[in-house]
**Student:** 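Here's a structure for you.
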Amino acid sequence: MLKIWGRANSSNVQKALWAAEEVGVRYDRIDLGGPFGGLDKPDYVARNPNKRIPTIDDDGYILWESNAIVRYFGHKYGNDQLWPRDPKVRGLAEQWMDWQQTTLFSDFVVLIVQLLRTPPDKRDQTAIENARQKAEASWAMFDQHLKANAFAAGKAFTLGDVPLGVFAWRRYELPIQRANLPNVDAWYKRLQARPGYKKIVMTPLS
Amino acid sequence: MLELLGRLSSINVRKVLWTCLELGFEPSLTEWGSGSRSLQAPEFLALNPNGLVPVVKDGGFVLWESNAICRYLAHKHRRFDLLPEGPAERAIVEQWMDWQLTEINNAWRYAFMGLVRHSPKHRDASAIADSVTQWNHQMAILDRTLGRTGAFVTGEAFTLADIVVGLSTHRWYATPITRPQLTAVAAYYARLRERPAFARYSDQA
Ligand SMILES: N[C@@H](CCC(=O)N[C@@H](CS)C(=O)NCC(=O)O)C(=O)O
Ligand SMILES: N[C@@H](CCC(=O)N[C@@H](CS)C(=O)NCC(=O)O)C(=O)O
């Protein structure tokens, strides 16, 4: 059976788990990283020289990088709606996936590390506020896109919504001040109606 | 004709230019970005609200994010040699493209901005040293991988992964830092230099 390595509270692991739920492939998850350690173990490094989670083993086929895994699941196990064959629709899905990695992620790392994993008296309030403002500016940009689109790649949900959806949960659950972004609110509501999102992503942050 | 917005000195713009040459055509390049028209101009932000280059216009279709653009173009032109059709083979190419985007790009940024672009915000010597250490660590991962895969990042054949990783390799050699001896990377770099598109687009910074 498909194996997915990574602790269940990791944003990047949740992308892989949620995508697996969406395409309906069964998997075994193996705890790794954070308190579980194991990233430096030789057998893990042999699978993933980058020493991060997630990594998958699909019947001997090894893959890492969360977004590449999400797309692989879509391509291998998904249908044309979840992972569109049309180059333009897929291009948009991929654009927003890459944007999560290159733009949104660096600010969320700061918010997650500071607000969830740093004791209150040790927190760097300036760094938190800077990251919050930049993250909210990014969400405002996505809000404009959602004015004319129900989802990242257009009318329908695709796996292109997965990376952003994982961080949307963090946006609403972290104790931060949020801008009023009605289109992001409505998109987030649509995601919450998906069983895979509920099961994998809508879980306590830690 | 494909319109490309950006500037030659941008590594992310050069990914797209190189991809186009491998596909056998030249896009029309309009200069945007530092040293040229501002990316905060309303007509630019209307195309890419993220305010960065590259952006492509393919008829009425607009796309940004360099790696997504390269994959879109290979997909559209059905160049399965550059981006394989089978899910497993394709995902390995994408894995290394994502690795370039998330790992190498973050590792080099501080050192490159400080040492090459002389940015006033990137002058802290210990932050430069950290950035170099991480960069060299990432390049060592590439070295071990090439030792296993052979000629190129994912195997004996050249793919899109080699465009994005190849440009990063060029940047590693072109930045004044202390580099470890990485023999597989050196051989890879020499192999890339034989490609006309690489010779043309690597040295524009
Ligand atoms: N670019 C990689 C980044 C992976 C990553 O940073 N994973 C984090 C968890 S979200 C990790 O491995 N952290 C070390 C740990 O959990 O111990 C991806 O998207 O898969
Ligand atoms: N994640 C984006 C990053 C794009 C990016 O950072 N572009 C830089 C040039 S390499 C930029 O637009 N800089 C501002 C400027 O040129 O004025 C991508 O891969 O396309």
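What you see below is based on every heavy atom in this structure, not just the backbone, and it leaves out hydrogens, waters and symmetry mates. Note on naming: letters A, B, ... go to the chains in the order of the sequence lines (proteins, then strands), and numbering restarts at 1 for each one.
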**Student:** From B/Trp64 CH2 over to A/Gln95 CD, what is the distance, rounded to the nearest 0.5 angstrom?
**Tutor:** 4.0 Å
**Student:** Quick check on the structure: residues of residues 131-157 of chain A within a heavy-atom distance below 4.5 Å of chain B, by number.
**Tutor:** A/Met141
**Student:** Okay, side chain of A/His75, backbone of B/Arg90: is any donor-acceptor separation there less than 3.5 Å?
**Tutor:** no
**Student:** Quick check on B/Arg78: does its CZ atom have over 12 non-hydrogen neighbours (other residues, nucleotides or ligands) under 6.0 Å away?
**Tutor:** no
**Student:** For B/Gln138 and A/Asn50, what are the C-alpha separation, side-chain angles and deciding distance, and is it a side-chain contact (heavy atoms from CB on, under 4.5 Å)?
**Tutor:** CA-CA 8 Å; B/Gln138 295 298 337; A/Asn50 199 34; 3.7 Å; yes
**Student:** Check whether B/Gln95 reaches the backbone of A/Leu63 with its side chain - one donor and one acceptor, N or O, closer than 3.5 Å.
**Tutor:** no
**Student:** Can you find a heavy atom in the side chain of B/Tyr72 that is under 4.5 Å from one in the side chain of A/Lys88?
**Tutor:** yes
**Student:** Salt bridge check: are B/Arg71 and A/Asp98 linked by an N-O gap of less than 4.0 Å?
**Tutor:** yes
**Student:** Less than 3.5 Å apart, any donor N or O on the side chain of B/Asp98 or A/Gln101 sitting next to an acceptor on the other?
**Tutor:** no
**Student:** Select, from B/Asn106, B/Asn105, B/Leu101, B/Thr145, the one with the greatest count of heavy-atom pairs under 4.5 Å involving chain A.
**Tutor:** B/Leu101
**Student:** Does B/His75 use its side chain to pair, donor to acceptor, with the backbone of A/Arg85 at less than 3.5 Å?
**Tutor:** yes
**Student:** Which region of A/Ile69, side chain (C-beta onward) or backbone (N, CA, C, O), has a non-hydrogen atom less than 4.5 Å from a non-hydrogen atom of chain B, or is it both or neither?
**Tutor:** neither
**Student:** Does some side-chain heavy atom of B/Met97 sit less than 4.5 Å from a side-chain heavy atom of A/Glu65?
**Tutor:** no
**Student:** Using non-hydrogen atoms and a 4.5 Å limit, figure out which bit of B/Val93 sits close to chain A: side chain, backbone, both or neither.
**Tutor:** neither
**Student:** Do other residues, nucleotides or ligands put more than 12 heavy atoms under 6.0 Å from the CZ atom of A/Arg117?
**Tutor:** yes
**Student:** Taking the side chain as C-beta and beyond, is there a heavy-atom pair between A/Tyr61 and B/Ile92 under 4.5 Å?
**Tutor:** yes
**Student:** Specify the closest pair of heavy atoms between A/Gly91 and B/Ala68, including all atoms of both residues, with the distance to one decimal.
**Tutor:** O-CB, 4.3 Å
**Student:** Is the side chain of A/Tyr72 donor-acceptor paired with the backbone N or O of B/Ala88 at a distance under 3.5 Å, no angle test?
**Tutor:** no
**Student:** Please indicate whether A/Asp43 has more than 12 foreign heavy atoms, meaning atoms of other residues, nucleotides or ligands, lying under 6.0 Å from its CG.
**Tutor:** yes
**Student:** Run the side-chain contact (heavy atoms from CB on, under 4.5 Å) check on A/Phe105 and B/Thr102 step by step: do they pass?
**Tutor:** CA-CA 10 Å; A/Phe105 187 64; B/Thr102 60; over 6 Å; no
**Student:** Could you please state which residues from residues 29-48 of chain B sit under 4.5 angstrom from chain A, measuring non-hydrogen atom to non-hydrogen atom, sorted by number, or 'none'?
**Tutor:** none
**Student:** Can you tell me how far apart OG1 (A/Thr103) and CG (B/Asn50) are? Round to the nearest 0.5 Å.
**Tutor:** 4.0 Å
